[in-house]
Amino acid sequence: MPQQILFRNFELLEPSFGELRGGYELLVEGDTVKQLSETPIKASEADVIDCGRRTLMPGLIDCHVHAIHSEVNVRFTIRQEVVSPIEIIRSATTIGAEVLRMPGKVGTLQPGAFSDAIVVDGNPLKDLALLGDQGKHLSVIMKAGILHKNRLN
């Protein structure tokens with residue numbers, strides 16, 4: 001059986017919602033999102049990551065590495081003058097998935113999607129700079145179910 005990771009105690013930023021929502025749990029199995037639920041998920045074999053009320057969101061398409069570079073920070077900052085933060089995040093998640101012809105597989109945390117996620121120390125809808133700054137405000141970075149960074153455990 002592939003490794004399971006259960007995320008708890010987070011504010012969910014699912015781009016299709018357009019807002020932060022609390023009260024969810026997310027179960028990842030291997031490289032796939034298995035379950036996103038508003039009720040407790042039973043997964044006794046799963047490793048648990050308590051997000052401490054931080055923001056959990058899909059990984060940024062083609063930005064897993066690039067989002068930490070200063071040129072992306074500048075682009076996010078300039079675009080924020082014209083476009084709302086949720087639209088900028090959607091362009092790096094949902095819209096990016098459509099461009100790649102992979103909607104429902106990347107840029108989302110819905111069941112069946114690839115398990116690409118980040119945990120942000122704060123609310124990127126209020127401060128997009130949290131997605132940059134050399135990854136300083138990213139507590140968890142998961143790509144295809146592999147934790148590349150985890151400051152929470």
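From a predicted model like this one, the values you see are computed outputs, not experimental measurements.
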Tell me the closest heavy-atom pair linking [X] and [Y], and the distance in Å.
| X | Y | answer |
| --- | --- | --- |
| Gly59 | Thr93 | O-CG2, 3.8 Å |
| Leu130 | His137 | O-CB, 3.4 Å |
| Pro58 | Leu13 | CD-O, 3.2 Å |
| Gly18 | Leu125 | O-CD1, 4.4 Å |
| Ile41 | Glu25 | N-OE1, 2.8 Å |

For this session: Decide yes or no on salt bridge (Lys or Arg N to Asp or Glu O under 4.0 Å) for Asp50 and Arg8, but give the supporting numbers first.
Result: CA-CA 5 Å; Asp50 183 331; Arg8 290 191 163 140; over 6 Å; no

Would a 4.5 Å heavy-atom cut-off, applied to side chains only, mark [X] and [Y] as touching?
| X | Y | result |
| --- | --- | --- |
| Leu26 | Phe10 | yes |
| Gln4 | Lys34 | yes |
| Val33 | Leu27 | no |

Closer than 3.5 angstrom, by distance alone: can the side chain of [X] be matched with the main-chain N or O of [Y] as a donor-acceptor pair?
| X | Y | value |
| --- | --- | --- |
| Arg90 | Pro15 | yes |
| Asn153 | Val48 | yes |
| Lys149 | Leu138 | yes |
| Ser139 | Cys51 | no |
| Gln110 | Gly104 | no |
| Thr55 | Gly122 | yes |

For this session: Check the surroundings of atom CZ in Arg53: do more than 12 heavy atoms from other residues, nucleotides or ligands lie under 6.0 Å from it?
Result: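 More than 12 within 6.0 Å, yes.
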
Problem set entry | hydrophobic_cluster_shared for Leu147 and Leu56, side chain cutoff 4.5 Å |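 Looking at the clustering, Leu147 is in the same group as Leu56.
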
Exercise. Applying the 4.5 Å side-chain criterion to the ILVMFWY set and letting contacts propagate, would Ile89 and Val83 be lumped into a single cluster?
Worked result: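 Looking at the clustering, Val83 is in the same group as Ile89.
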
Problem set entry | Salt-bridge criterion met for Lys143 and Asp116 (N-O under 4.0 Å) |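 The answer is yes: the pair qualifies as a salt bridge.
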
